[in-house]
There are 2 protein chains.
Amino acid sequence: MDNKLIYYFRKWTDISEEAEGIILSAFEPASVKKKKDLLEPGEVCQYLYFIVKGCLRSYYVDDKGLEHIYQIRLDNSWISDLGSFFSQKPSKYYIESLEDTEYLRISHDRLEQLYAEVPQLERYFRILFQKAYVNALARLNDTMWVSAVDRYNQMLKEQSDIFQRVPLVYIASYLGITPESLSRIRRKS
Amino acid sequence: MDNKLIYYFRKWTDISEEAEGIILSAFEPASVKKKKDLLEPGEVCQYLYFIVKGCLRSYYVDDKGLEHIYQIRLDNSWISDLGSFFSQKPSKYYIESLEDTEYLRISHDRLEQLYAEVPQLERYFRILFQKAYVNALARLNDTMWVSAVDRYNQMLKEQSDIFQRVPLVYIASYLGITPESLSRIRRKS
DNA sequence: CTCATTTCTTACCATAGGTCAAGTGTGTGG
DNA sequence: CCACACACTTGACCTATGGTAAGAAATGAG
């Protein structure tokens, strides 16, 4: 098999051979070159993306024209603007490739249909969002109460793969600081 | 009916009369006086709580002995330490009542069993966690990039009920600032 | 190989918010 | 109805991080 989608589903829920076929046909494979937008502000986020190989980031641009990054995701992970995707209202985010990227995508309607065909997926995504929520709260806590230096070191330890593949400007934004601050932090360590 | 649990479930998923009975018998009603702990650090978080009436907060105490609040929840909402609850590993959090509180609770094992008996609940909680995750990301973004003044005004507008029921010390911590800063912000507005 | 672009660093000053310490109310339990 | 804990405020000072601006280093397209 050329992707790990089913492998990940099977970690948390039972997927029969039959269901496997249904799922694989519901996800549409595609790819983009580096530095292309999969989503732009004002559009409704049509798809939930599973990255097979590559790197995508989601970010928005504030009133002052500054970029703020929400997520940086590498191989075998999910990305979307869930707020827009599930409500089908316009997004304020960009989703952009930072590397040439192969992915699988599924539209909102097709996913709803798929939940009906393969109810076990509700379980998978329930667990996925549960974990995502716990992680988001942990990241929230860190941004509130942990110094930039400590957050940097922590990220260096826990997500070293990102440091090897993504420019520091983006990492700074993800950490909630300016590139200049990140640079100063790195000098001192 | 004396609580809105089923009402909320039915907002996002179908619950038959029969399932209703099963669910209601799985949740155990209980109550606590003000200022009591439902969870203490070191314990495994045994329950997922649905607040019928009252107010609960979750927080932890850092190395320096400072409290940091994760969540403040009022009537008709869920609270737990999901990280501990789902992994069944020791928690670092307190869950404490800020008012006399009536709640419903369900244990981890009972909930797993309930998912098997009423699979539609997977859907409900999938949507619940999905929304919780989107909210957590929004709160994360605000703490990173929005000034304390603006976060205060936003919270005042969107969660005015909390301001009427909860001391400002707790709100400050929830906003990610010190009580002193909150006081200064309030003076200026 | 070279030039243009992107990425990263440095230095300077500005500021939001934290820390510490000392207040002033005020609600409630004995 | 008093006292004491709790909630909140204020002021003086401090520090981490931001803003701006400039230049160095690395990367990549032709």
Side-chain angles (χ1 to χ4, degrees), chain A residues 33-37 55 57 59 61-69 72 94 96-100 139-156 162-189, chain B residues 33-37 55 57 59 61-69 72 94 96-100 139-156 162-189:
Chain A
K33 290 281 163 202
K34 190 173 174 170
K35 288 269 166 193
K36 299 286 175 204
D37 291 328
C55 178
R57 66 164 177 148
Y59 68 99
V61 177
D62 71 16
D63 325 323
K64 292 166 201 147
L66 299 172
E67 288 185 6
H68 302 295
I69 299 185
I72 302 176
Y94 290 88
E96 186 204 39
S97 53
L98 295 180
E99 301 176 353
D100 294 358
R139 202 176 143 204
L140 174 68
N141 180 73
D142 288 352
T143 344
M144 278 185 174
W145 308 114
V146 174
S147 73
V149 180
D150 291 353
R151 269 181 285 147
Y152 167 76
N153 286 318
Q154 199 175 312
M155 183 170 173
L156 199 56
I162 291 188
F163 281 84
Q164 275 137 40
R165 290 165 66 173
V166 174
L168 293 173
V169 221
Y170 301 138
I171 293 177
S173 177
Y174 182 81
L175 282 170
I177 57 179
T178 58
E180 293 89 338
S181 289
L182 180 55
S183 186
R184 280 177 283 239
I185 288 170
R186 285 163 59 81
R187 178 167 34 139
K188 284 174 206 148
S189 12
Chain B
K33 289 278 162 205
K34 190 172 174 170
K35 287 270 165 192
K36 297 289 175 201
D37 292 328
C55 178
R57 66 166 178 149
Y59 69 99
V61 177
D62 71 17
D63 326 324
K64 293 166 201 146
L66 299 172
E67 288 185 5
H68 302 296
I69 298 186
I72 301 176
Y94 289 88
E96 187 204 39
S97 53
L98 294 181
E99 300 176 353
D100 294 358
R139 200 174 146 205
L140 174 67
N141 180 73
D142 289 351
T143 352
M144 278 184 173
W145 307 114
V146 173
S147 72
V149 180
D150 292 353
R151 268 180 286 145
Y152 166 76
N153 286 318
Q154 199 174 309
M155 184 169 172
L156 199 55
I162 291 188
F163 281 83
Q164 273 138 40
R165 288 166 65 172
V166 173
L168 293 172
V169 221
Y170 301 138
I171 293 177
S173 177
Y174 182 82
L175 282 170
I177 58 179
T178 57
E180 292 92 333
S181 290
L182 181 54
S183 185
R184 273 166 217 136
I185 288 169
R186 286 163 59 80
R187 177 168 34 143
K188 283 172 206 149
S189 9

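Chain A is the first sequence line, chain B the second, and so forth, proteins listed ahead of strands; every chain is numbered from 1.
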Open item on the list: So if I take every side-chain heavy atom of A:V149 and compare against D:dT17, D:dG19, C:dC8, which nucleotide ends up nearest?
Closed with: D:dT17
Open item on the list: Taking the axis from the first five pairs and the axis from the last five, what angle separates them in the helix from C:dC1-D:dG30 to C:dG30-D:dC1, rounded to 10 degrees?
Closed with: 50°
Open item on the list: Do the side chains of B:R165 and B:E99 get close enough for a salt bridge, i.e. N-O under 4.0 angstrom?
Closed with: yes
- [ ] Grab the OH-P distance between A:Y152 and C:dC8 for me, whole Å please.
- [x] 11 Å
Open item on the list: Among residues 176-183 of chain A, which ones have heavy-atom contacts with DNA chain C below 4.0 Å?
Closed with: A:E180, A:S183
- [ ] Select from B:V146 and B:K34 the residue whose nearest nucleotide in DNA chain C is closer to the 5' end of that strand.
- [x] B:V146
TODO: Measure the distance from CG on B:D150 to P on C:dT15 and round it to the nearest whole Å.
DONE: 17 Å
- [ ] Would you please indicate if the ring centroids of A:Y59 and A:Y174 are separated by under 6.0 Å?
- [x] no
Open item on the list: Among D:dT17, D:dC8, C:dC12, which nucleotide has an atom closest to any side-chain atom of A:R184?
Closed with: C:dC12
- [ ] Starting from P on D:dT17, measure out to CZ on A:R151 and report it in whole angstrom.
- [x] 7 Å
Task: Separation of C:dT24 P from B:L168 CG (nearest whole Å) - done: 20 Å
Open item on the list: Quick one, A:Q154 and A:D142 - any side-chain contact, counting heavy atoms below 4.5 Å?
Closed with: yes
Task: Charged N-O contact under 4.0 Å between B:D100 and B:K33 - done: yes
Task: Results of salt bridge (Lys or Arg N to Asp or Glu O under 4.0 Å) for B:R186 - residues two or more places apart only - done: none
Task: Whichever of B:R187 and B:Y170 has its nearest DNA chain D nucleotide further upstream toward 5' - done: B:Y170
- [ ] State, without any angle test, whether A:N141 and B:H68 hold a side-chain donor-acceptor pair at a distance under 3.5 Å.
- [x] no
Task: Atom-pair distance (NZ on A:K35; C1' on D:dG28), nearest Å - done: 14 Å
- [ ] Would you kindly give the CD-to-C1' distance between B:E67 and D:dC6, to the nearest whole Å?
- [x] 13 Å
Open item on the list: When you compare the side chain of A:E96 with that of A:K36, does any pair of heavy atoms fall below 4.5 Å?
Closed with: no
Task: Integer-rounded Å distance: D:dA16 P and A:L175 CG - done: 17 Å
Open item on the list: Does the Lys NZ or Arg CZ of B:R57 fall within the cation-pi geometry relative to B:Y94 - under 6.0 Å from the ring centre and within 45° of the axis?
Closed with: no
Open item on the list: Applying a 4.0 Å non-hydrogen cut-off, can you work out what A:R186 is touching in the nucleic acid: base, sugar-phosphate, or nothing?
Closed with: sugar-phosphate
Task: Length of the line joining B:R165:CZ and C:dG27:C1', which is rounded to integer Å - done: 19 Å
- [ ] Check the pair B:C55, B:I72 against side-chain contact (heavy atoms from CB on, under 4.5 Å), reporting the backbone distance first and the verdict last.
- [x] CA-CA 7 Å; B:C55 178; B:I72 301 176; 4.1 Å; yes
